[in-house]
Asker: 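My questions will all concern the structure given below.
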Amino acid sequence: MKLIGVDVGGTFTDIVFTDTDQGITYIHKVPTTLEDPSIGVVRGMEELCERQGIAKNEIDHVFHGTTIATNAILEYDGSTTGMITTKGFRDVVHIGRHQRPENYSIMQDIPWQDRPLVQRRHRKTVEERLAPPKGDVLVPLNETEVREAVRELKAAGVESIIVAFLFSYINPVHENRVKEIIHEEYPEAFVTTSSSVSPQFREFERFTTAGINGFVGPKVKRYIKNLEAKVHETFEKADLHIMCSNGGVGTPDSVAEKPVNTLLSGPAAGVLGGAWSGQLSNRSKLITFDVGGTSADIAIITEQGYQESSARDTWIAGYPVMVPMIDIHTIGAGGGSLAYVDEGGAFRVGPRSAGSRPGPASYGHGGTRPTVTDANVVLGRLDEDNFLGGEMRIFPNLAYKVIGELSEQLELSINETAEGVLTILNNNMANAIRAKTIQKGHDPREFSLIAFGGAGPLHAVEVAKILNIPEVIIPPHPGITSATGLLTSDLKYDVIKTEFMLSTQLRPDQLNQDIAALSEQITLQLAEDGMDAGQIKIQRFADCRYVGQGYELRIELPEGDLDERKIQSAFDNFHKLHEAEYGHCFETSPIEIVNLRLTGLGIMPKIGDPSVGGEGSADQGLIKKGETVFRVDGELKTFETSFYQREQLPAGAIFYGPAIVFQKDTTTVVPPGCQVLVEKSGNMIIKVEVNK
């Protein structure tokens with residue numbers, strides 16, 4: 001099998017090719033074509049094939065991570081969206097839950113009010129009403145009002161329409177009928193029903209999730225269809241798969257219908273790539289540390305795998321989202337983060353960024369403000385002759401100029417200023433890791449830090465030292481780890497049914513019946529995507545809570561038909577999970593099953609394990625000596641530093657910091673006192689000198 005993974009970032013598009021039969025892997029990077037990312041995607045794949053002599057008609061699968069949906073919601077640049085909802089509930093998406101994002105602020109940003117996904121004038125109501133617990137029809141759907149509402153939205157220039165009714169998660173009959181009417185009256189419209197995107201209780205979150213799908217839908221659909229056509233034109237037999245937020249891939253059709261599932265497409269692929277890299281070194285407890293030009297993405301992996309976000313803390317750009325997502329924490333910290341003195345005189349770094357254009361001053365694209373990248377240049381950690389494998393030139397004089405101007409404001413030396421920029425950034429990133437580890441009951445000292453992205457290896461060791469993390473792992477190709485992660489994924493679909501069943505009133509037959517119906521639904525979906533029965537794997541979960549609680553925890557259900565004994569064993573696991581999450585549990589309290597969830601996997605071909613050849617010492621990779629600046633024991637010192645070319649380092653090589661390791665997709669910084677081992681798997685293991 002010949003596979004290509006392509007991850008689109010804000011500055012570069014990363015491409016990785018693997019031949020699973022021969023164990024060959026090639027990488028490539030091209031500038032992202034922001035006006036139409038599909039241009040850079042196809043161009044980059046073509047260039048890689050031409051450089052390596054790969055026949056384009058032999059590519060079997062293309063896996064793609066996209067930021068189209070993410071950028072549309074972050075930049076509030078989606079489609080004009082309309083809404084049809086139950087009469088009397090026009091303002092659910094505006095009122096929300098009356099939970100203030102910031103309890104004590106009188107001047108705060110409430111996205112669903114400041115930047116509504118659906119303007120109020122485009123929110124139409126119709127007569128209809130369903131009733132729990134079975135979704136009985138109380139008020140029939142007024143189809144005349146529906147047709148009138150659709151015509152009004154069409155006349156207003158609305159491109160996308162969402163349909164969100166009360167209790168449609170129990171019975172979608174009215175939403176489905178409205179969708180049919182929209183297709184009759186306005187066939188060009190992009191239509192989203194809340195019951196198809198997020199069939200769960202909690203109206204505000206369900207309506208908003210549907211709103212996001214409608215807001216980003218037309219843009220994502222156009223992009224996916226355009227990319228699919230280009231891929232099939234250039235790579236005749238290649239199947240295209242799109243990375244989703246749940247850690248799996250979907251087909252172009254499924255993603256075009258539910259683009260809300262791609263909001264964390266790129267970061268999710270990074271987590272998979274980090275997990276794969278950890279497996280190469282037999283490490284199961286990992287902190288993934290993905291740092292690019294603008295942001296840093298952090299996730300936790302344990303023996304049970306990566307963690308998924310819960311309904312209570314899944315947000316994108318301030319909007320609640322109720323779709324399965326890997327639990328990823330993102331902060332504004334990266335190579336392009338701006339360093340500045342704020343109005344109060346405080347020295348700050350980020351979250352504002354120089355972006356890809358003009359970018360850092362040292363890139364020579366017209367940037368005039370100091371960034372983290374410029375600080376690394378000043379301290380000797382980035383080299384003008386070895387940036388992007390020598391394919392891109394940087395200008396140290398421009399970095400010295402902007403950092404020098406900042407140093408005058410701060411009344412510090414230029415080296416103190418540059419080192420201060422990195423110290424602030426590193427502590428910001430360490431605080432983000434604390435939020436995902438210490439505050440969640442994990443001890444970071446028991447984990448390895450997997451550093452990737454263009455800037456992750458530059459900062460990882462110093463961040464690890466702040467947190468006393470004893471080990472940093474640098475994957476074989478850190479700058480394209482997200483693209484590599486795409487080649488470790490499977491087709492993945494999630495289905496859900498709200499259940500509401502008490503442990504004191506269990507109905508195992510009902511649970512088994514509902515699980516069977518969901519299993520059939522997900523199996524049919526995977527079969528439509530070409531999966532044979534032997535390639536399909538189904539996992540079963542339940543969202544549970546103690547009676548009276550507002551939010552749930554997810555537990556896995558035993559295999560086979562459920563009986564009271566098996567369900568009780570699942571409840572025992574719920575008590576343990578609750579204690580691990582909150583520090584206590586209530587073993588005598590009744591438990592409520594809120595949702596049934598099934599995850600269906602269609603097993604795909606994957607990238608093989610890499611291998612570094614050769615024997616010898618690190619001297620084989622030594623290309624020069626130079627000077628770099630580090631803070632040791634509270635003092636800035638200049639050190640003679642060894643500079644290595646990673647591709648020339650043999651397996652088993654050991655060397656010590658201070659050292660800088662060059663490769664095309666990133667630069668790794670090894671501070672004084674740290675040891676580096678090059679494993680046969682291709683990983684570099686950095687033993688960190690930590691505080692005892």
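Hydrogens, waters and symmetry mates are skipped; everything else that's a heavy atom, side chains included, is used. We number each residue from 1, following the sequence as shown.
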Asker: Report yes if the side chains of Val137 and Leu130 come closer than 4.5 Å at any heavy-atom pair, otherwise no.
Answerer: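 Yes. Closest side-chain heavy atoms under 4.5 Å.
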Asker: So, Gln510 versus Asp514: side-chain donor-acceptor pair below 3.5 Å or not?
Answerer: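 Their side chains do contain a donor-acceptor pair, which is all the 3.5 Å distance test asks for.
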Asker: In terms of side-chain heavy atoms, does Ser245 have a donor or acceptor partner in Asn261 at a distance below 3.5 Å?
Answerer: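 No, because no side-chain N or O of Ser245 sits under 3.5 Å from a partner of the opposite role on Asn261.
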Asker: May I ask you to decide if Gly211's main-chain N or O and Thr208's side chain share a donor-acceptor pair within less than 3.5 Å?
Answerer: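 No, the answer is negative, given that no donor and acceptor are paired below the 3.5 Å cut-off.
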Asker: For the pair His61 and His241, name the ring-plane relationship: parallel under 30°, tilted 30 to 60°, perpendicular over 60°.
Answerer: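 Aromatic pair His61/His241 classed tilted.
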Asker: Going by an N to O cut-off under 4.0 Å, is there a salt bridge joining Lys225 and Asp253?
Answerer: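 Yes, this pair counts.
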Asker: So, Phe89 versus Phe207, ring centres under 6.0 angstrom or not?
Answerer: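 Aromatic pair excluded; centres sit 6.0 Å or further apart.
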Asker: Would you mind telling me which of His174, Glu127, Glu128 makes a side-chain hydrogen bond (donor to acceptor under 3.5 Å, both in side chains) with Thr86?
Answerer: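 So the option named by the test is Glu128.
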Asker: Are Arg202 and Glu552 within salt-bridge range, i.e. N to O under 4.0 Å?
Answerer: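 Glu552 and Arg202: salt-bridged.
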Asker: Which atom names give the shortest non-hydrogen contact between Pro218 and Phe190, and what distance separates them?
Answerer: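 Closest approach of Pro218 to Phe190, heavy atoms only: CG-CB, 3.9 Å.
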Asker: Go through the structure and list residues passing salt bridge (Lys or Arg N to Asp or Glu O under 4.0 Å) with Asp7, not counting sequence neighbours.
Answerer: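 Asp7: no salt bridge (Lys or Arg N to Asp or Glu O under 4.0 Å) contacts found.
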Asker: How would you list, by chain and number, every residue that makes a salt bridge (Lys or Arg N to Asp or Glu O under 4.0 Å) with Asp494, sequence neighbours excluded?
Answerer: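 Result, salt bridge (Lys or Arg N to Asp or Glu O under 4.0 Å) vs Asp494: none returned.
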Asker: Do the non-hydrogen side-chain atoms of Glu205 and Arg97 ever get within less than 4.5 Å of each other?
Answerer: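 Of all side-chain heavy-atom pairs linking Arg97 with Glu205, at least one is under 4.5 Å.
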Asker: Does any donor atom in the side chain of Ser160 or Ser79 lie under 3.5 Å from an acceptor atom in the other side chain?
Answerer: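 Side chains of Ser160 and Ser79: no pair found under 3.5 Å.
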Asker: Step through it carefully: locate the ring centre of Tyr546, locate the ring centre of His575, and say whether they are under 6.0 Å apart.
Answerer: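 Yes: the rings meet the under 6.0 Å criterion.
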Asker: Is the side chain of Glu175 donor-acceptor paired with the backbone N or O of Ser194 at a distance under 3.5 Å, no angle test?
Answerer: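 It does hold such a pair.
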Asker: If you define the side chain from C-beta out and look only at heavy atoms, does anything of Glu185 sit under 4.5 Å from Lys154?
Answerer: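 With C-beta onward as the side chain, the pair stays apart.
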Asker: Is the shortest side-chain heavy-atom distance between Asn213 and Pro259 below 4.5 Å?
Answerer: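 Of all side-chain heavy-atom pairs linking Pro259 with Asn213, at least one is under 4.5 Å.
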Asker: Decide yes or no for Arg540 and Arg597: does some side-chain heavy atom of the first lie under 4.5 Å from some side-chain heavy atom of the second?
Answerer: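 Contact flag for Arg540/Arg597 side chains = no.
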Asker: Can you find a heavy atom in the side chain of Thr488 that is under 4.5 Å from one in the side chain of Ile607?
Answerer: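 Heavy-atom side-chain distance check passes, below 4.5 Å.
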Asker: Please examine the side chains of Ser519 and Leu598, heavy atoms only from C-beta on, and report whether any two atoms are closer than 4.5 Å.
Answerer: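 With C-beta onward as the side chain, the pair touches.
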Asker: When you measure from the side chain of Ser198 to the backbone N and O of Val323, does any donor-acceptor pair fall under 3.5 Å?
Answerer: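 It does not hold such a pair.
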Asker: Under the side-chain contact (heavy atoms from CB on, under 4.5 Å) rule, collect the residues that match up with Glu559, sequence neighbours excluded.
Answerer: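 Checked Glu559 against side-chain contact (heavy atoms from CB on, under 4.5 Å); zero matches.
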Asker: Strictly by modelled atom types, are Lys179 and Thr193 linked by a side-chain donor-acceptor pair under 3.5 Å?
Answerer: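 No, no side-chain donor-acceptor contact under 3.5 Å.
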Asker: Who are the side chain to side chain donor-acceptor pair (under 3.5 Å) partners of Thr262, not counting sequence neighbours?
Answerer: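 Listed in chain order: nothing, the list is empty.
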Asker: About how many Å separate OH of Tyr223 and OG1 of Thr66, when rounded to the nearest 0.5 Å?
Answerer: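 Output value for this atom pair is 4.5 Å.
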Asker: When you check the side-chain N and O atoms of Thr125 and Arg90, is any donor under 3.5 Å from an acceptor?
Answerer: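 No, no side-chain donor-acceptor contact under 3.5 Å.
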Asker: What pairs with Ile555 under side-chain contact (heavy atoms from CB on, under 4.5 Å), at least two apart in sequence or on another chain?
Answerer: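 Ile555: side-chain contact (heavy atoms from CB on, under 4.5 Å) contacts with Ala542, Cys544, Ala570, Phe574, Leu577.
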Asker: With a 4.5 Å heavy-atom cut-off, do Leu511 and Ile567 have their side chains touching?
Answerer: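 With C-beta onward as the side chain, the pair touches.
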Asker: For the pair Tyr319 (side chain) and Leu117 (backbone), establish whether a donor and an acceptor sit closer than 3.5 Å, ignoring hydrogens and angles.
Answerer: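 No, Tyr319 side chain to Leu117 backbone: no donor-acceptor pair under 3.5 Å.
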Asker: Do any N or O atoms from the side chain of Lys258 and from the backbone of Ser196 form a donor-acceptor pair under 3.5 angstrom?
Answerer: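 Checking the backbone N and O of Ser196 against the side chain of Lys258, a donor-acceptor pair under 3.5 Å is found.
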Asker: What residues, two or more places apart in sequence or in another chain, satisfy side chain to side chain donor-acceptor pair (under 3.5 Å) together with Glu152?
Answerer: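 For Glu152 the side chain to side chain donor-acceptor pair (under 3.5 Å) partners, ignoring immediate neighbours, are Lys124.
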